[in-house]
Every structure is written in C-alpha cells, then in structure tokens.
Amino acid sequence: MAGKNLEKMVSIDAQLRLLAPRKVSEDDKLVEYDALLLDRFLDILQDLHGEDIRETVQECYEISAGYERKHDPQKLEELGKVLTSLDPGDSIVVTKSFSHMLNLANLAEEVQIAYRRRTKSKKGDFADENSATTESDMEETFKKLVVQLKKSPEEVFDALKNQTVDLVLTAHPTQSVRRSLLQKHARIRNCLTQLYAKDITPDDKQELDEALQREIQAAFRTDEIRRTPPTPQDEMRAGMSYFHETIWKGVPKFLRRVDTALKNIGINERLPYNAPLIQFSSWMGGDRDGNPRVTPEVTRDVCLLARMMAANLYFSQIEDLMFELSMWRCNEELRFRADALHRSSRKDAKHYIEFWKQIPPNEPYRVILGDVRDKLYNTRERSRHLLTNGISDIPEEATFTNVEQFLEPLELCYRSLCACGDRPIADGSLLDFLRQVSTFGLSLVRLDIRQESDRHTDVLDAITKHLGIGSYREWSEERRQEWLLSELRGKRPLFGPDLPKTEEIADVLDTFHVIAELPPDNFGAYIISMATAPSDVLAVELLQRECRVKQPLRVVPLFEKLADLEAAPAAVSRLFSIDWYRNRINGKQEVMIGYSDSGKDAGRLSAAWQLYKAQEELVKVAKQYGVKLVMFHGRGGTVGRGGGPTHLAILSQPPDTIHGSLRVTVQGEVIEQSFGEEHLCFRTLQRFTAATLEHGMHPPISPKPEWRALLDEMAIIATKEYRSIVFQEPRFVEYFRLATPELEYGRMNIGSRPSKRKPSGGIESLRAIPWIFAWTQTRFHLPVWLGFGAAFKHIIEKDRKNLQMLQEMYNQWPFFRVTIDLVEMVFAKGDPGIAALYDKLLVSEELWPFGERLRANYEETKHLLLQIAGHKDLLEGDPYLKQRLRLRDAYITTLNVSQAYTLKRIRDPDYHVTLRPHLSKEYTESSKPAAELVKLNPMSEYAPGLEDTLILTMKGIAAGMQNTG
C-alpha cells in the first residue's frame with residue numbers, strides 16, 4: 001500500500017513534466033518554479049487534511065492532464081464522478097486546493113518574468129508579453145527615436161517634458177482576490193525570488209524555504225471568499241493601499257530612471273520636478289453610475305480620507321528630509337525666512353515646541369522644513385477631524401490649502417542649495433520629495449465624478465416644471481440648448497430651497513454641493529455616461545454654477561454604444577460651435593470612449609473599428625475648431641472590454657489621437673497586475689510613458705483606403721451576426737443563463753456596484769463585466785470572437801484575393817494585427833469541449849443544437865483567424881505565453897468540471913450524487929478538519945458546501961484565466 005501511495009504522490013510531477021513544453025530559452029525557469037511551489041503545497045495539504053485528500057487532488061489532476069492531451073470528453077465525465085462523490089467538506093478542500101495551485105502558478109510566472117527582465121539585457125531578448133513586441137523600455141525607446149528615427153535628443157527631451165499620462169484607478173468589481181491574500185502572495189513571490197538568488201547561503205536557503213512553506217500554508221488557510229460585499233469606502237481604501245505600498249515610492253524611482261535614460265542619449269539635464277509626466281486619478285467613491293451605494297456622503301468621505309492619507313505619507317517622510325538637510329550654507333532669501341520663523345512665537349506649533357527649541361539657528365533648512373512639518377500635521381489632523389466629526393478646531397489657515405503653498409518652501413530650499421554649490425544634495429531626497437508633491441498634490445489622487453445623463457435630465461425637468469415653463473425632458477435638443485445657454489449667460493438663481501425633490505434629484509444636487517464644499521484639487525473630471533448630445537454637457541455646466549462650484553470641473557462626455565460612437569464627432573462638433581462653450585473650455589476638451597459597452601453592443605471587431613474611426617473623426621473636429629483634444633480610454637482588463645498589453649494598445653491607436661496626452665482607466669485585477677509589486681509598478685509606469693512618447697514622435701501608419709473599405713464591410717457583417725444571436729435569437733438569454741454562472745455572479749461579493757443597471761431586463765441591462773465574466777468562466781469567450789468568423793468568411797468567399805489583403809493588413813497595420821493577436825490569445829485560453837460539458841449538464845435538451853452551432857462557429861472562426869495570421873497553431877509566435885497556458889490548463893479543467901457539476905446540484909436539488917463508500921454521509925457533523933469549512937457559510941440557501949465550492953471555482957478559474965471581467 002505504501003508503495004502505491006508513493007507512486008501516486010510522485011505521479012503529479014510526472015504529469016507536469018509530460019504536460020510542460022520544453023524550455024523556451026536558457027533562462028526559462030518557469031517549470032522549475034512551478035514544481036517547487038506545487039511540491040511544497042502538496043506536503044502542506046497532506047499535513048493538514050490527510051493522505052486521502054492529497055490522493056484525490058492528484059487523481060483529479062491526472063484525469064485533467066489526460067483530458068488536455070487528447071480532449072476526450074469521457075475524461076471530463078470520469079473527473080465529474082470523482083468530484084461529485086466527495087462530501088461537502090472534501091469538495092471545498094479539493095476545489096480550494098486547485099484554486100490555490102493556480103494562484104501559485106501565477107506567482108511562478110511573475111517571478112519568471114522578473115527574472116527574465118533582469119537577464120534580458122545580456123542577451124537582447126524579451127519574455128512573452130514583456131517581449132520586444134509588447135514591452136516599452138525607456139532607454140531603448142529613447143535610443144530607437146534618436147538612432148533609428150533620427151530625432152534629436154533635445155526633441156525627445158522637449159516631448160517628454162510636455163507629456164502627460166493620467167492613470168485612472170476605478171472601482172469596477174473585477175478583483176476577485178481578497179487583499180489579505182494578495183499580501184501573502186507578495187511574500188511567497190519574494191521568498192521564491194530570493195531562493196533562486198546566486199549568492200544564497202545554505203542557511204539562508206533553509207530559512208527561506210521554511211518561510212515559503214509558512215506563507216503558502218497561511219494563504220491556503222485564509223478564507224478566499226468575501227462574506228459581505230465591500231462598501232465604496234472599502235474599495236477606496238483597497239485602491240489607496242497601492243499608493244502606500246508601491247506607487248508612492250515607485251514614482252520618484254521611475255523618474256530617476258528616466259533621468260538616467262536621458263543622460264545616456266546626451267541630455268545632461270534632469271526632467272523638471274513639475275513635469276506632469278505621470279498623474280493619478282480615481283473613480284473610487286465618485287463613480288455613481290448605477291451604484292446607489294455611492295452617495296454624496298461617500299464622495300465627501302473618500303476625498304477627506306485621501307487627503308488625510310496624502311498628508312500622512314508626506315509627514316512620515318519630512319523628518320528624514322530634515323535629518324538629511326543639516327547644512328548651514330544658504331542663500332539670503334532662505335536665511336531671512338528661517339530667522340523670521342525662529343523669532344515667531346510658533347503659536348500654531350504647540351505640538352512641537354520642544355522640537356523647535358532643539359533646532360540650532362545654524363541649520364536653516366531644518367527650520368524651513370520644520371514649518372512644513374507643522375502644517376502637514378495640521379493638514380492631516382484637520383482632515384481626520386472633518387472625516388470623523390464633521391468639524392475641526394484646527395483653523396484652515398494653519399494647514400496647506402493648495403499645492404502651491406506646499407511647494408513654495410520646498411522650492412526655496414532647492415534654489416538655495418543650488419545657489420550654494422550643493423546641487424548634488426538638492427537632486428537627492430529633496431528632488432524626490434518635490435516630484436512626489438507635484439505628482440500627488442494634497443489630494444493623493446483626483447477623484448472623477450461619473451453620473452448618467454438621464455439623472456441630470458431628471459433634475460432639469462423638475463426645475464423647468466417648478467418654474468412653470470414646461471417639461472425639459474420633452475423638449476427638442478435645440479430648445480434644450482437655447483434654454484441652457486440663456487441661463488448660463490444670465491446671473492439669476494435658477495431654483496431655491498423650495499424645489500420639489502425626489503431622493504434621486506436630491507442625490508444629484510447634493511453631489512454638486514459636496515464638490516463646491518471641498519477643495520478644488522480633490523477633483524478631476526465630471527464624466528457623463530450615456531452622453532449623446534451637447535445639452536448633456538451644458539446641463540452639467542449649469543448645475544455646477546447653480547450649486548456654486550467655484551472652480552467648475554471639466555465636463556467629459558462618455559460615448560459608449562456603437563450608435564453613440566458613430567454620432568460622437570457630430571455631437572462634439574455641435575458643442576464646439578457654441579461660442580459660450582468654446583470660451584469656457586479655453587481650447588481644451590476631454591472626451592471619453594467606452595470599450596466595454598460598445599463590445600457588448602456590437603461585438604469586439606465592430607466595436608474596435610468604430611472606436612478607431614471615432615477617434616480619427618473627433619481629432620479632425622477638434623483641429624477644425626482649434627481645440628486640443630484629450631482622449632480618455634475606458635479600457636477594461638479583458639480583451640472583451642478593450643484590454644490587452646499596454647504597449648500594443650497605445651501604439652495601435654490612430655495617428656494624432658494621443659499627441660502627448662493619454663488618459664486611461666486601470667481596472668479591477670489589472671490594478672494588482674500593474675501596481676501590486678515594486679517591479680510591476682515600475683514596469684507599468686515605463687510602459688505607459690515610453691509607448692505614449694513613441695506614438696507621439698513616431699505615429700503608426702494610417703490604413704490604406706482599400707483596408708478601410710474592407711474593414712467597413714466586415715464590421716457590418718460582424719455586427720449583424722453578433723446581434724442576430726445575442727439580441728434577436730429568441731432563446732439566447734435563456735441559453736446564456738443556463739450555460740454560464742451569470743446568475744450566480746453576485747455571490748462573489750467582489751464589488752459594491754450591482755451587476756445590472758436595472759434590476760429587470762435582459763442582456764441590454766446587464767453590465768459588461770458580468771457579461772464577459774460568465775463566458776470567461778466556461779472558457780467559451782463568446783463576446784470576444786462572435787462576429788469575426790462571419791465577417792472573414794463573407795469577405796474571403798466574395799473574393800479570394802481578400803485573404804491576401806487581410807494578411808497584408810495583419811503584417812503592416814498595427815491596429816489590425818493587435819486586434820487579431822488578442823483574439824488568437826483568447827482562443828488559446830478557450831476550450832469548446834469544456835463549454836459542451838456545461839451545455840450537457842445545465843442546458844435543456846431542446847437548446848443543445850443551439851450550443852452545437854455556436855461551437856461549430858467557434859472552430860470555423862479559429863481556423864479562419866489562423867489563416868489570416870499565417871499560423872499553423874495558436875500562439876505559434878509566442879512560445880512563452882503558450883507554455884504558461886499549458887501549465888495552467890489541467891488545474892483550470894478540474895475547476896471547470898467542479899463548477900459545472902456544482903451548478904447542476906444547485907439548480908437541480910434532486911440531482912443524484914453517489915458518495916464514495918468510505919466517506920460518511922453525515923460528513924458535516926464529523927470531526928474531519930475539512931468539515932469546518934462547510935460551516936463558514938451557514939446562511940446559504942444551498943445544500944451544505946455548495947455555495948463555497950461554487951465561489952471557489954469562480955475565483956480559481958478567474959486566477960487561471962488571469963481575467964474576471
């Protein structure tokens with residue numbers, strides 16, 4: 001028996017070696033990293049839950065690996081029998097084990113990517129999505145611009161100084177991993193990295209190995225499931241934690257690297273500290289579109305919380321800066337200021353009287369910085385008081401109220417050091433501090449406000465009815481504009497406290513009152529979702545004035561659906577034709593384009609092409625009126641919502657649409673992938689900065705007229721095909737909800753926002769995130785590829801020469817290549833055999849032919865896509881990504897089968913399951929450790945253990961796909 005058990009225990013490693021492709025390169029350590037983490041975990045699993053559980057996990061893995069080799073559906077049934085024979089507690093443990101192993105596989109991949117980044121400079125090659133085709137290295141980008149494209153170093157420096165990338169962190173609920181687990185994952189990653197360091201001693205290795213095992217066990221023992229939905233404040237705190245942990249110190253380190261790269265092309269001047277190279281904004285606590293939990297009070301709270309956190313971060317650094325600047329030489333301006341501060345009574349520095357006594361008069365920099373420290377303390381405490389009590393006894397004049405006040409004494413210190421020959425000292429920690437102040441200000445991030453256009457219409461309709469002049473909602477667009485402009489040009493108040501208000505109207509107006517109450521630097525833009533006409537923008541301008549917003553927020557229309565994108569250039573042109581509005585915007589306008597809803601509305605191909613064309617036309621309109629246009633890209637984390645490698649996404653945008661100014665959302669799990677670690681933060685800042693610079697100085701080619709014509713024709717066919725199935729097929733919604741876990745999505749508690757804009761309704765009212773999420777879980781990815789096949793087939797059958805043109809477009813046009821490559825990557829992650837299992841178990845028999853037709857469409861589309869790309873196999877040109885996906889497949893398959901059978905048991909309580917003979921039917925009352933897990937969720941209306949098993953499969957598959965929504 002012992003020999004048999006030993007054989008089973010080593011078989012998983014044998015399966016791994018069999019499944020894993022050969023090393024892609026000499027510096028490929030992925031399989032090695034993955035095997036080490038897996039080995040440590042299986043030992044822990046056996047210690048905690050016994051040999052039987054370990055054997056079950058290994059048995060499931062072996063069957064899954066067998067399926068991945070031949071894709072025999074009988075293997076899925078065999079796996080289903082094993083999984084459904086488990087008692088509730090064991091089912092949770094096995095599912096949790098596979099979810100945990102996928103997280104460990106992801107960590108192994110991240111360590112491999114970081115390792116290859118450290119070694120690539122020796123060999124000149126790159127790793128998969130960090131490869132030469134998808135990576136933006138600052139120094140290499142500068143050299144490419146100077147050496148290959150013949151730009152002068154001064155041109156590069158000037159372009160960089162005037163460039164701005166604004167990264168907008170959103171609260172979209174797509175991060176499925178709890179924060180406590182993310183922190184444990186970071187420690188596992190660090191242990192693994194150090195274990196493979198060249199200079200490690202045997203003792204260090206043993207201690208690190210023990211630490212690695214501790215962290216793996218701690219992560220496994222942590223409940224993965226959120227038992228209650230997060231509040232908007234929780235989401236904001238989670239988002240802000242990235243600033244505290246990586247972004248705050250990552251920005252000055254990155255800017256130093258930019259200085260070094262500039263020096264290497266001959267620029268001996270540092271990037272000015274106030275160059276707006278990187279900016280940060282947030283939607284957390286400001287995005288109220290369809291989220292009733294984001295109230296005016298929440299917006300006020302998150303602004304004060306961010307202000308308090310910013311002051312605290314500065315305060316924690318100022319003493320180190322004071323310690324460093326101990327020199328006595330200074331210019332006359334600083335000496336005069338320091339003497340005046342020393343002579344003052346310092347009544348507002350009562351907390352630091354002893355500190356002030358300790359500063360000798362011959363350390364003037366410390367005197368100046370001591371005053372900064374006092375004001376930072378007061379700024380932090382005033383925000384804290386306002387947040388907790390609504391009032392504060394600290395007067396506003398004792399705090400920093402704007403960033404200019406904060407910068408002034410720091411700039412004085414910098415000028416003085418430079419004047420006294422201490423420029424190297426000035427360019428140390430003080431320069432880093434100045435750059436942090438310029439980047440983060442007093443508010444840490446600027447909060448955008450987002451609201452749906454209809455909500456503003458409701459307010460104005462209530463006002464016009466109250467004034468007795470009719471119903472604003474029923475007016476034509478021309479009449480709306482005429483009335484709005486007459487009010488904007490006038491000065492009389494529009495309404496008073498007697499305005500009848502519903503709860504919804506009060507919410508809109510109270511939000512504007514909060515904007516008026518708080519310091520202006522707390523806020524960024526006011527985004528209008530579902531915008532269609534100039535009156536949508538003018539309405540917000542009027543409401544800002546009526547609510548006495550002293551420095552009105554810039555108003556940004558968001559065009560999302562296909563028809564809105566098509567009409568956007570004309571709507572913006574009408575807006576610019578209004579003299580009052582052109583005077584208001586001072587030559588600058590921001591427009592947001594939505595990738596998520598456009599894809600859900602028309603499919604990925606049509607949406608991507610319409611987004612491309614809309615940007616081109618919007619830029620033309622802006623040039624016509626002499627307006628500088630900033631495009632705000634509302635990209636999601638997945639391909640279905642506009643996601644993909646940053647470098648490629650930027651370089652595939654139309655010429656002249658970025659022009660040194662880029663604003664883009666960073667959503668959900670993408671925030672962790674972008675800023676979860678110091679090296680990830682650095683890589684993210686580098687990618688955005690370098691790609692934006694390259695796009696501006698070396699724009700991509702414009703498509704040939706014949707390419708445009710071909711893609712126009714294809715988009716019509718693709719949209720027709722997509723909508724004929726998603727919106728016109730009578731039983732599609734029924735099929736979708738049976739074949740996917742869409743109805744169960746809300747149980748994950750991964751966000752504060754409801755999954756639907758309206759509680760009732762079909763696909764139209766469903767948000768893009770759960771729409772994509774559901775298809776990602778079943779590995780069918782329908783919203784990404786549906787429509788492509790029909791378009792390709794129509795064009796190629798019409799004229800075989802069109803295939804050559806499509807191949808030419810793929811090889812020469814960045815936009816088209818990126819579009820095709822991303823869909824190919826999605827096919828590599830997909831598996832129609834898994835989707836067929838969901839159909840067989842969950843879909844009524846009369847709908848089976850519908851699923852079969854869709855899977856046939858899937859296969860045909862994949863075949864045509866490979867023809868156009870000139871590939872024999874998926875990911876033929878990306879061996880690193882191919883390797884990573886193959887390593888994960890067997891883990892994900894087990895979770896897919898577990899999910900499908902669990903959904904069957906949840907939806908059909910009479911579904912019969914035969915328990916293994918050696919397991920007790922009264923399992924939940926037993927003393928086995930796994931039984932404790934069943935009791936974590938006693939309020940579930942499902943049978944014991946089913947809800948937790950289902951949620952764990954959702955989280956695990958999301959980790960395996962590296963996408964949720």
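Numbering of residues begins at 1 and proceeds along the displayed sequence. All of these numbers come straight from a predicted model, not from anything done at the bench.
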J.: Using the test ring pair (Phe, Tyr, Trp, His ring centres under 6.0 Å), find all partners of Phe512 that sit at least two apart in sequence or belong to another chain.
T.: Tyr526
J.: Going by distance alone, is a donor N or O of one side chain under 3.5 Å from an acceptor N or O of the other, for Arg288 and Thr299?
T.: yes
J.: Would you say Asn389 has more than 12 foreign heavy atoms packed within less than 6.0 Å of its CG?
T.: yes
J.: Determine which pairs satisfy salt bridge (Lys or Arg N to Asp or Glu O under 4.0 Å) with at least one residue from residues 424-437, sequence neighbours left out, and list them in order.
T.: Arg256-Asp432, Asp259-Arg435, Arg270-Asp427, Arg423-Asp427
J.: Counting only heavy atoms not in His513 (residues, nucleotides, ligands), do more than 12 fall under 6.0 Å from its NE2?
T.: yes
J.: Please determine whether the number of non-hydrogen atoms from other residues, nucleotides or ligands lying under 6.0 Å from atom NE2 of His385 exceeds 12.
T.: yes
J.: Considering residues at least two apart in sequence or located in another chain, which fulfil the side-chain contact (heavy atoms from CB on, under 4.5 Å) criterion with Val403?
T.: Leu407, Val437
J.: Any Lys/Arg nitrogen of Glu269 or Lys263 sitting under 4.0 Å from an Asp/Glu carboxylate oxygen of the other?
T.: no
J.: Closest approach of Met309 and Met240, non-hydrogen atoms and distance?
T.: CE-CB, 3.2 Å
J.: Does any non-hydrogen side-chain atom of Ile527 lie less than 4.5 Å from one of Ile449?
T.: no
J.: Could you pull out all residues at least two apart from Tyr314 that satisfy side chain to side chain donor-acceptor pair (under 3.5 Å)?
T.: none
J.: With sequence neighbours left out, what residues match Arg257 under salt bridge (Lys or Arg N to Asp or Glu O under 4.0 Å)?
T.: none
J.: Taking the side chain as C-beta and beyond, is there a heavy-atom pair between Ile368 and Arg337 under 4.5 Å?
T.: yes
J.: Among all residues two or more places apart in sequence or in another chain, which pass the side chain to side chain donor-acceptor pair (under 3.5 Å) test with Glu517?
T.: Arg300
J.: Using the side-chain contact (heavy atoms from CB on, under 4.5 Å) criterion, which residues pair with Arg187? Sequence neighbours excluded.
T.: Gln183, Lys184, Glu215
J.: Does a sphere of radius 6.0 Å around NZ in Lys249 hold more than 12 heavy atoms from other residues, nucleotides or ligands, not counting ones at 6.0 Å or beyond?
T.: no
J.: Who pairs with Arg329 by salt bridge (Lys or Arg N to Asp or Glu O under 4.0 Å), at least two apart in sequence or on another chain?
T.: none
J.: List in chain and number order the residues that pass ring pair (Phe, Tyr, Trp, His ring centres under 6.0 Å) with Phe280, two or more places apart in sequence or in another chain; answer none if no residue qualifies.
T.: Phe243, Phe440
J.: Tell me, with the steps shown, if Tyr365 and Ser416 meet side chain to side chain donor-acceptor pair (under 3.5 Å).
T.: CA-CA 9 Å; Tyr365 294 98; Ser416 176; 2.8 Å; yes
J.: Taking only Lys NZ, Arg NE, NH1 and NH2, and the carboxylate oxygens of Asp or Glu, determine whether Arg384 and Glu381 approach each other closer than 4.0 Å.
T.: yes
J.: Run the salt bridge (Lys or Arg N to Asp or Glu O under 4.0 Å) test against Glu678 and tell me which residues pass, sequence neighbours left out.
T.: Lys253
J.: Quick check: do Asp287 and Thr170 have side-chain heavy atoms less than 4.5 Å from each other?
T.: no
J.: Nearest 0.5 Å please: distance from the CG atom of Leu430 over to the CG atom of Asp422.
T.: 11.5 Å
J.: Please find the pair of heavy atoms, one from His185 and one from Ala219, that lie closest to each other, and give the distance.
T.: CD2-CB, 4.4 Å
J.: Can you sort out the partners of Ser443 under side-chain contact (heavy atoms from CB on, under 4.5 Å), two or more places apart, ordered by chain and number?
T.: Arg307, Arg446, Asn522
J.: Could you tell me which residues satisfy side-chain contact (heavy atoms from CB on, under 4.5 Å) with Pro272, sequence neighbours excluded, listed by chain and number?
T.: Phe157, Lys161, Asn274, Ala275
J.: Return yes if a side-chain donor-acceptor contact under 3.5 Å exists between Trp283 and Gln667, otherwise no.
T.: no
